[in-house]
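Keep in mind it's a predicted model, so treat the numbers as computed, not measured. Reckoned from all heavy atoms, side chains included, excluding hydrogens, waters and symmetry mates.
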Amino acid sequence: MCSSMADLLMPKLINLLSSLLQRVAESNDLNRSLDTQKLSIFNALVRPGISIQQYLERIFKYANCSPSCYVVAYVYLDRFVKKQPFLPINSFSVHRLLVASVLVSIKFMDDICYNNAYYAKVGGISTAEMNLLEVDFLFGLGFQLNVTPNTFYDYCMYLQTEMMMGFPPLCSPPQVPTIGADHCSINDDDCQSQHHQPQLAV
């Protein structure tokens, strides 16, 4: 994907992913049953005050990763909820699942990335929490991180179709994605000061 094409498509992709995750979270909120859900590090004690779109836009602004990482992160989220049906994506878990999925996809896809302390600041959580989220997300995936070209293409086509249809009502698309934090005080300057100083991932 050339730079100019990525610059054109990325805002639309971020908007689409935010919309999809928002609808899934709201749907799961309505069907929330505490008896069937497991408590985990992904569940915040209170509903985060930042919207999913604002959160994803913040990650996009500071992560400085390749565009394909966001598609792969979506693949990982889909795999995670299928493997962990008692940890659904809802308003209390979506932010932490999102930052964990993007972190893992960046480490798997990109040669160079920032360390976990940097992504923790981007996500508004502590480094210790970021480390735990990463480990729990990897175990939740069963360490199945490889995404074949065919799978990547299928998800891209699904997202492109959703984009062309103008984000239709939540449904279960055939054979592709079906997807279902507490925040520390954070200053944009903290991230901007490190934005151009990538480090090898911890």
Side-chain angles (χ1 to χ4, degrees), residues 1-22 50 52-81 89 94-125 127 130-131 133-135 137-138 140-164 167 173 176-177 179 181 186 188 190-202:
M1 183 183 294
C2 66
S3 178
S4 59
M5 182 67 74
D7 292 342
L8 181 65
L9 290 179
M10 281 310 297
K12 294 182 179 180
L13 177 60
I14 295 301
N15 190 28
L16 172 61
L17 291 176
S18 301
S19 176
L20 292 173
L21 291 170
Q22 181 70 41
I50 184 172
I52 297 172
Q53 175 146 350
Q54 290 172 326
Y55 197 65
L56 190 52
E57 286 173 348
R58 178 178 176 80
I59 293 173
F60 173 67
K61 179 178 180 180
Y62 293 114
N64 198 28
C65 62
S66 59
S68 58
C69 289
Y70 295 96
V71 177
V72 172
Y74 188 70
V75 175
Y76 289 166
L77 284 172
D78 193 36
R79 289 179 180 176
F80 185 91
V81 297
I89 294 177
V94 61
H95 296 76
R96 290 178 173 221
L97 284 168
L98 185 53
V99 73
S101 67
V102 172
L103 170 68
V104 171
S105 69
I106 291 172
K107 288 189 174 184
F108 189 77
M109 297 292 294
D110 290 357
D111 294 327
I112 300 293
C113 65
Y114 300 101
N115 60 24
N116 281 24
Y118 178 83
Y119 291 112
K121 285 187 175 182
V122 173
I125 56 179
T127 303
M130 186 74 263
N131 294 339
L133 288 174
E134 179 185 17
V135 171
F137 193 76
L138 287 169
L141 286 174
F143 290 87
Q144 294 185 6
L145 302 181
N146 188 50
V147 177
T148 66
N150 284 341
T151 297
F152 185 84
Y153 175 81
D154 287 343
Y155 277 79
C156 284
M157 293 309 301
Y158 166 72
L159 292 171
Q160 182 179 18
T161 300
E162 289 279 297
M163 199 177 298
M164 292 175 63
F167 314 163
V176 194
I179 66 170
I186 184 164
D188 282 2
D190 292 337
C191 293
Q192 288 171 338
S193 64
Q194 301 183 46
H195 186 48
H196 299 294
Q197 302 173 23
Q199 306 173 45
L200 290 178
V202 176

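For the side-chain hydrogen bond (donor to acceptor under 3.5 Å, both in side chains) test, residues two or more places apart in sequence or in another chain that qualify with S68 are S66.
Scanning all heavy atoms of the two residues, the minimum distance from T127 to N116 falls at CG2-C, 4.5 Å. Nearest heavy atoms, A63 versus I106: CB-CD1, 4.1 Å. For V122 against R58, the heavy-atom pair with the smallest separation is O-NE, 2.8 Å. For the residue pair T151 and T148, the shortest heavy atom distance occurs at OG1-OG1, 2.9 Å.
L98 contributes atom CG, which lies 8.5 Å from atom CD1 of I89 (distance to the nearest 0.5 angstrom). Atom CG of residue L103 and atom CD of residue E134 lie 4.5 Å apart, to the nearest 0.5 angstrom. Considering OH of Y119 and NZ of K107, their distance stands at 8.5 Å, rounded to 0.5 Å. Put simply, NZ on K12 and CD on Q160 are 10.5 Å apart, with the number rounded to the nearest 0.5 Å. The CD atom of Q53 lies 11.0 Å from the CG atom of L21; values are rounded to the nearest 0.5 Å. For the atom pair L133 CG and L138 CG, the distance stands at 11.0 Å (nearest 0.5 Å).
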Practice prompt. Just do the side-chain contact (heavy atoms from CB on, under 4.5 Å) check on Y70 and I59 with the steps written out, would you?
Written response: CA-CA 10 Å; Y70 295 96; I59 293 173; 4.2 Å; yes
Practice prompt. Go through the steps for D78 and Y155 under the test side-chain contact (heavy atoms from CB on, under 4.5 Å), then give the verdict.
Written response: CA-CA 10 Å; D78 193 36; Y155 277 79; 2.6 Å; yes
Worksheet item: Stepwise, does the side-chain contact (heavy atoms from CB on, under 4.5 Å) test hold for L77 with F137?
Response: CA-CA 9 Å; L77 284 172; F137 193 76; 4.3 Å; yes
Discussion item. R79 vs V75, test: side-chain contact (heavy atoms from CB on, under 4.5 Å). Steps then yes/no.
Written reply: CA-CA 6 Å; R79 289 179 180 176; V75 175; 3.7 Å; yes
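Annotation: Y153, atom OH; neighbour count of heavy atoms from other residues, nucleotides and ligands within 6.0 Å does not exceed 12.
Under the 30°/60° scheme for interplanar angles, the aromatic rings of H95 and Y55 are found to stand perpendicular. Between Y74 and Y158, the two ring planes are parallel [angle under 30°; tilted spans 30° to 60°].
Under a 3.5 Å cut-off, the side chain of S18 and the backbone N or O of I14 do form a donor-acceptor pair. A distance-only check finds no donor-acceptor pair linking the side chain of Y62 to the backbone of Y118 [under 3.5 Å]. Y76 contributes a side-chain N or O that, together with a main-chain N or O of L145, makes up a donor-acceptor pair within less than 3.5 Å.
C69 has its side chain within reach of D110: a pair of non-hydrogen atoms, C-beta onward, lies under 4.5 Å apart. With contacts defined as side-chain heavy-atom distances shorter than 4.5 Å, the pair L17/V71 does not qualify.
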